[in-house]
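Heads up: the structure comes next, in structure tokens.
Residue numbers run from 1 in the order of the sequence given.
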Amino acid sequence: MFSHLPQLNSIRVFDSAARLKSFKEAALELNVTPTAVSHQIRALEERLGTLLFERKTRHILLTQDGEKLAQVAHQSLAQISAVLEEISDQKTRLCVSTTSSFASHWLVPNLERFYQSHPDIEVVIKTEDALEDLTKDRRIDLAIRYGEFDPQDKAATKLVTEEFGMYATEAYIQAFPDFRKAQLIETKWKNARLKPMTWQRVFELEDEVSSKLMICSYDQEQHTIQAALAGQGIAFVSNLLIQTPLQQAWLKRHPQGSSLEGLSYYILINDLSTPSKKVTAFRHWLTAEFSTRR
């Protein structure tokens with residue numbers, strides 16, 4: 001029935017090259033040489049009697065036949081991988097891509113609750129500031145993104161929209177009951193496309209002049225939070241990322257503090273593949289965790 005099919009390894013090589021649009025990148029992903037990738041692709045094309053790639057001077061492009069095969073190959077390999085993980089007696093690995101701040105301050109502290117329901121799944125967390133292309137990096141099963149949520153994106157599921165507020169240690173709040181005279185701490189995003197969540201916006205809303213204030217800025221939210229925990233000032237941060245400091249009474253909300261609606265966290269799954277059981281389980285857990293916070 002399947003005697004006309006090429007070897008599975010050649011399909012794996014083709015899938016990698018098609019996703020990455022590069023024989024060299026495919027070779028790095030598969031831990032082989034670019035020459036080996038090129039030979040595998042050439043052999044597959046000869047077997048099928050059609051060209052799958054157009055070879056340009058510095059890059060490759062899928063042909064019309066290559067595009068047809070690429071989508072089916074990726075879906076099929078994903079399904080095979082999911083079934084093999086399901087029937088294996090080893091733990092299933094789930095790779096989650098997210099920001100370092102969300103991983104440190106929310107995901108890791110709450111992950112034990114997921115393990116209690118799914119002890120057979122091992123969650124591997126990958127933190128990157130740059131956005132991962134899920135269609136290219138097959139190692140990533142699910143991404144938790146941060147920014148403006150697009151309700152028209154069918155591949156995305158909204159988790160929660162955060163709220164930014166003013167937080168400091170109790171001792172610091174007692175020392176500076178008027179937060180305008182305090183050291184103010186904020187985060188300035190590396191990604192200029194994100195809506196800024198800074199003290200400037202707070203005082204614009206309150207019609208104050210922020211140039212007269214003492215403001216210290218970091219480019220990572222976790223640094224802003226750590227500075228507040230060290231008693232260095234009042235941090236303007238997401239309520240979502242300081243749950244543990246609030247629960248432990250390490251930080252308190254400033255009684256004079258106002259708040260602003262922040263950005264959203266949302267799940268993004270590769271829409272080229274049917275979600276596996278592990279991805280579905282993790283997505284359901286996340287949405288349940290945030291169902292009361294929206």
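- Under the 30°/60° scheme for interplanar angles, the aromatic rings of Trp106 and Trp285 are found to be tilted.
- Side-chain heavy atoms closer than 4.5 Å link hydrophobic residues (I, L, V, M, F, W, Y) into clusters, and following such links, possibly through other members, connects Val237 to Ile215.
- Met197 has its side chain out of reach of Thr187: every pair of non-hydrogen atoms, C-beta onward, lies at least 4.5 Å apart.
- The pair Lys56-Glu54 counts as a salt bridge, with a side-chain nitrogen and a carboxylate oxygen less than 4.0 angstrom apart.
- Closest approach of Ile234 to Ala182, counting heavy atoms only: CD1-CB, 3.7 Å.
- A 4.5 Å side-chain heavy-atom check between Glu162 and Tyr265 finds at least one atom pair inside the cut-off.
- Between Glu289 and Arg283, none of the side-chain N atoms (NZ, or NE/NH1/NH2) sits under 4.0 Å from a carboxylate O, so this pair counts as no salt bridge.
- For CD of Gln248, the number of neighbouring non-hydrogen atoms (other residues, nucleotides, ligands) closer than 6.0 Å is greater than 12.
- With values rounded to the nearest 0.5 angstrom, Ile60 atom CD1 is found 6.0 Å from Ser22 atom OG.
- Between Trp199 and Phe236, the ring-plane angle classifies as tilted under the 30° and 60° cut-offs.
- Ala235 approaches Thr224 most closely through the heavy-atom pair CB-CG2, 3.8 Å.
- Taking 4.0 Å as the cut-off between side-chain N and carboxylate O, Asp219 and Lys188 do not count as a salt-bridged pair.
- The cluster map of Ile, Leu, Val, Met, Phe, Trp and Tyr, joined by side-chain heavy atoms under 4.5 Å apart, puts Phe290 and Leu107 in the same cluster.
- The hydrophobic cluster containing Ile125 also contains Leu241, counting ILVMFWY residues as joined when their side-chain heavy atoms lie under 4.5 angstrom apart, directly or transitively.
- Cluster annotation: Leu194 and Phe164 are assigned to the same hydrophobic cluster (Ile/Leu/Val/Met/Phe/Trp/Tyr, side-chain heavy-atom contacts under 4.5 Å, transitive).
- At a threshold of 4.0 Å, the pair Glu29-Arg19 counts as salt-bridged, since one of the basic side-chain nitrogens sits closer than that to a carboxylate oxygen.
- Contact of the Val96 side chain with the Asp141 side chain is not registered, since no non-hydrogen atoms from C-beta on lie closer than 4.5 Å.
- Checking Thr63, Ile41, Leu61 one by one against Phe53, the side chain to side chain contact (heavy atoms under 4.5 Å, CB included) holds for a single residue, Ile41.
- Atom-to-atom distance recorded for Asp65:CG and Leu48:CG is 8.5 Å, nearest 0.5 angstrom.
- Between Val32 and Val13 the shortest side-chain heavy-atom distance does not fall below 4.5 Å.
- Annotation: side chain of Met166 is in contact with side chain of Val202 (closest heavy-atom distance under 4.5 Å).
- Ion pair Glu148/Arg193 not flagged as a salt bridge, since none of the NZ, NE, NH1 or NH2 atoms sits closer than 4.0 Å to an Asp/Glu carboxylate oxygen.
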Query raised in the report: Checking side-chain contact (heavy atoms from CB on, under 4.5 Å) for the pair Phe114/Ile121: CA distance, chi angles, key distance, verdict?
Result: CA-CA 9 Å; Phe114 176 75; Ile121 300 177; 4.0 Å; yes

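- Hydrophobic clustering (side-chain heavy atoms under 4.5 Å, transitive across Ile, Leu, Val, Met, Phe, Trp, Tyr) groups Val108 together with Leu286.
- To the nearest 0.5 angstrom, Ser97 atom OG is 6.5 Å from Lys126 atom NZ.
- No side-chain heavy atom of Phe23 sits under 4.5 Å from any side-chain heavy atom of His59.
- Inter-residue side-chain proximity for Phe14 and Leu69 is flagged as met; some heavy-atom pair is nearer than 4.5 Å.
- Between Glu163 and Arg253, at least one side-chain N (NZ, or NE/NH1/NH2) sits under 4.0 Å from a carboxylate O, which counts as a salt bridge.
- A donor-acceptor contact shorter than 3.5 Å is absent between the side chain of Thr169 and the backbone of Leu229.
- Contact check for Leu240 versus Val160: side-chain heavy atoms found under the 4.5 Å cut-off.
- Surrounding NZ of Lys195 are more than 12 heavy atoms belonging to other residues, nucleotides or ligands, all under 6.0 Å away.
- In this model, a donor atom of one side chain and an acceptor atom of the other lie less than 3.5 Å apart for Glu186 and Ser217.
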